[in-house]
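Report on the following structure.
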Amino acid sequence: QVQLVESGGGLVQAGGSLRLSCAASGFIFSVNTMAWYRQAPGKQRELVARITSGGRTNYAEFVTGRFTISRDNAKNTMYLQMNSLKPEDTAVYYCFAERVRYWGQGTQVTVSS
């Protein structure tokens, strides 16, 4: 069955970095546009970044220049490199496979000031 497993979240100080991973299985990863979303307490889930099967990327304005999305189709894995983290980046981060419309379980990112 389809599975998306996020990892790499944690607690970091403002200005620090984290790298999230999303390991996919149960579907053809390479043809799917993949995306990272996040949801902070009391707020709606929002798009952070997405990457097409061909590697084209786009980012939410609030992360441009700080976060980098990438994928390794040979490993069926997507990544989100997060640098210069801010307390407002605190949220649960989810990966999403667009063609199969499937969400991962999320990984918590907490940035302390």
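Counting all heavy atoms, side chain and backbone alike, M78 lies closest to W36 at CE-NE1, 3.3 Å. In plain terms, the two heavy atoms of L18 and G8 that are nearest each other are CD2-O, 3.8 Å. The shortest non-hydrogen separation linking A97 to L4 is N-CD1, 3.9 Å. Residues P87 and A14 share a closest heavy-atom pair of CD-CB, 4.1 Å. Minimum heavy-atom separation, A49 to L80: CB-CD1, 4.5 Å.
Scanning for side chain to side chain donor-acceptor pair (under 3.5 Å) contacts around S17 gives N83, with sequence neighbours left out.
The closest donor-acceptor contact from the side chain of T64 to the backbone of A60 lies under 3.5 Å. A donor-acceptor pair under 3.5 Å is formed between the side chain of T90 and the backbone N or O of V111.
The CZ atom of R71 sits 11.5 Å away from the OG1 atom of T57 when rounded to the nearest 0.5 Å. The distance from atom CD of Q81 to atom OG1 of T68, rounded to the nearest 0.5 Å, is 7.0 Å. How far CD of Q13 is from OG of S113: 9.5 Å, rounded to the nearest 0.5 Å.
A side-chain contact (heavy atoms from CB on, under 4.5 Å) with Y79 is found for one member of C22, S70, C95 and no other, namely S70.
Two residues are said to be in side-chain contact when any heavy atoms from C-beta on lie closer than 4.5 Å; R99 and F27 fail this criterion. The shortest side-chain heavy-atom distance between R50 and F96 does not fall under the 4.5 Å cut-off. Using a 4.5 Å heavy-atom cutoff, the side chains of R38 and F62 are in contact. Looking at D89 and R66, their side chains come closer than 4.5 Å, going by heavy atoms from C-beta outward. Contact annotation: the side chain of F67 approaches that of L85 to within less than 4.5 Å [non-hydrogen atoms, C-beta and beyond]. Counting heavy atoms from C-beta on, the side chains of V12 and M82 never come closer than 4.5 Å.
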Side chains of residues 103-110: which donor-acceptor partners sit under 3.5 Å, not counting sequence neighbours?
{"from": "Q105", "atom 1": "NE2", "to": "E6", "atom 2": "O", "distance (Å)": "3.4"}
{"from": "Q105", "atom 1": "NE2", "to": "E6", "atom 2": "OE1", "distance (Å)": "3.4"}
{"from": "T107", "atom 1": "OG1", "to": "G9", "atom 2": "N", "distance (Å)": "3.2"}
{"from": "Q108", "atom 1": "NE2", "to": "A91", "atom 2": "O", "distance (Å)": "3.4"}
{"from": "Q108", "atom 1": "NE2", "to": "T110", "atom 2": "OG1", "distance (Å)": "3.3"}

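In this structure, a donor-acceptor pair under 3.5 Å is absent between the side chains of R56 and N58.
Cluster annotation: Y102 and V92 are assigned to distinct hydrophobic clusters (Ile/Leu/Val/Met/Phe/Trp/Tyr, side-chain heavy-atom contacts under 4.5 Å, transitive). V2 and F29 fall within the same hydrophobic cluster, defined by Ile, Leu, Val, Met, Phe, Trp and Tyr side-chain heavy atoms under 4.5 Å apart, directly or through other members. Linking Ile, Leu, Val, Met, Phe, Trp and Tyr residues whenever their side-chain heavy atoms come within less than 4.5 Å leaves Y37 and L20 in two separate clusters. I51 and V48 fall within the same hydrophobic cluster, defined by Ile, Leu, Val, Met, Phe, Trp and Tyr side-chain heavy atoms under 4.5 Å apart, directly or through other members.
Around atom CD1 of I28, no more than 12 heavy atoms belonging to other residues, nucleotides or ligands sit under 6.0 Å away.
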